[in-house]
Amino acid sequence: MDYINAFWVGGLICALTQILMDKTKMLPGRIMVLLVCSGAVLGAVGVYEPLMEYAGAGASVPLLGFGNTLWKGVKEAVEQEGFLGIFMGGFKASAVGISAALVFGYLASLVFEPKMKS
């Protein structure tokens with residue numbers, strides 16, 4: 001049942017994002033920022049944590065989950081470090097994911113021949 005919950009919640013998030021991309025004139029970068037900010041706001045309100053407990057990776061993997069991770073990191077760092085935690089917390093909480101994206105992106109560029117679109 002965990003797999004089914006993860007699948008339908010993750011699919012719903014992706015379907016709503018696809019509808020947003022198809023039906024609005026928003027650029028993909030702005031949609032990504034909207035998703036990350038929405039995840040942070042939902043985390044701050046306390047809605048996203050129960051959703052992640054219910055759906056697991058279906059809620060934690062999309063960009064909404066990244067925003068929630070940033071929020072949790074900032075919240076913990078502010079409790080420990082004070083005002084400077086606003087600037088440190090998001091980086092500490094998401095460092096592994098960002099580092100993995102950079103490393104695997106670099107490795108993919110070595111394996112394949114990256115070209116600019118003309």
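Predicted, not measured: the structure shown is a model, and the values here were computed from it.
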Exercise. Does Tyr106 have any ring-ring contact (aromatic ring centres under 6.0 Å, His included) partners at least two apart in sequence or in another chain, and if so, which?
Worked result: none
Please determine whether residues [X] and [Y] belong to a single hydrophobic cluster, defined as Ile, Leu, Val, Met, Phe, Trp and Tyr linked transitively by side-chain heavy-atom distances below 4.5 Å.
X: Met88; Y: Val36; value: no
X: Val74; Y: Phe91; value: no
X: Leu107; Y: Phe112; value: no
X: Leu34; Y: Leu42; value: yes
X: Trp71; Y: Leu84; value: no

Exercise. Can you tell if the side chain of Ile98 reaches within under 4.5 Å of the side chain of Phe66, non-hydrogen atoms only?
Worked result: yes
For this session: For residues Leu63 and Thr17, determine if any side-chain heavy atom of one lies less than 4.5 Å from a side-chain heavy atom of the other.
Result: no
Would you give the length of the straight line joining atom [atom1] of [X] to atom [atom2] of [Y], rounded to the nearest 0.5 angstrom?
X: Gln18; Y: Lys23; atom1: CD; atom2: NZ; result: 10.5 Å
X: Trp8; Y: Ile13; atom1: CH2; atom2: CD1; result: 9.5 Å
X: Asn5; Y: Glu53; atom1: CG; atom2: CD; result: 13.0 Å

Taking all non-hydrogen atoms of both residues into account, name the closest pair between [X] and [Y] and its distance.
X: Gly43; Y: Asn68; result: CA-OD1, 3.2 Å
X: Gly73; Y: Ala93; result: CA-CB, 3.5 Å
X: Gly89; Y: Ala77; result: CA-CB, 3.4 Å
X: Ala57; Y: Pro62; result: O-CD, 3.9 Å

For this session: For a side-chain contact (heavy atoms from CB on, under 4.5 Å) with Leu64, tell me which candidate from Leu35, Leu51, Thr69 qualifies.
Result: Leu35
Exercise. Around Met32, counting heavy atoms of other residues, nucleotides and ligands shown, do more than 12 lie under 6.0 Å from its CE?
Worked result: no
For this session: Using atom types as modelled and distance alone, determine if a side-chain donor or acceptor of Tyr48 lies under 3.5 Å from a backbone N or O of Ser38.
Result: no
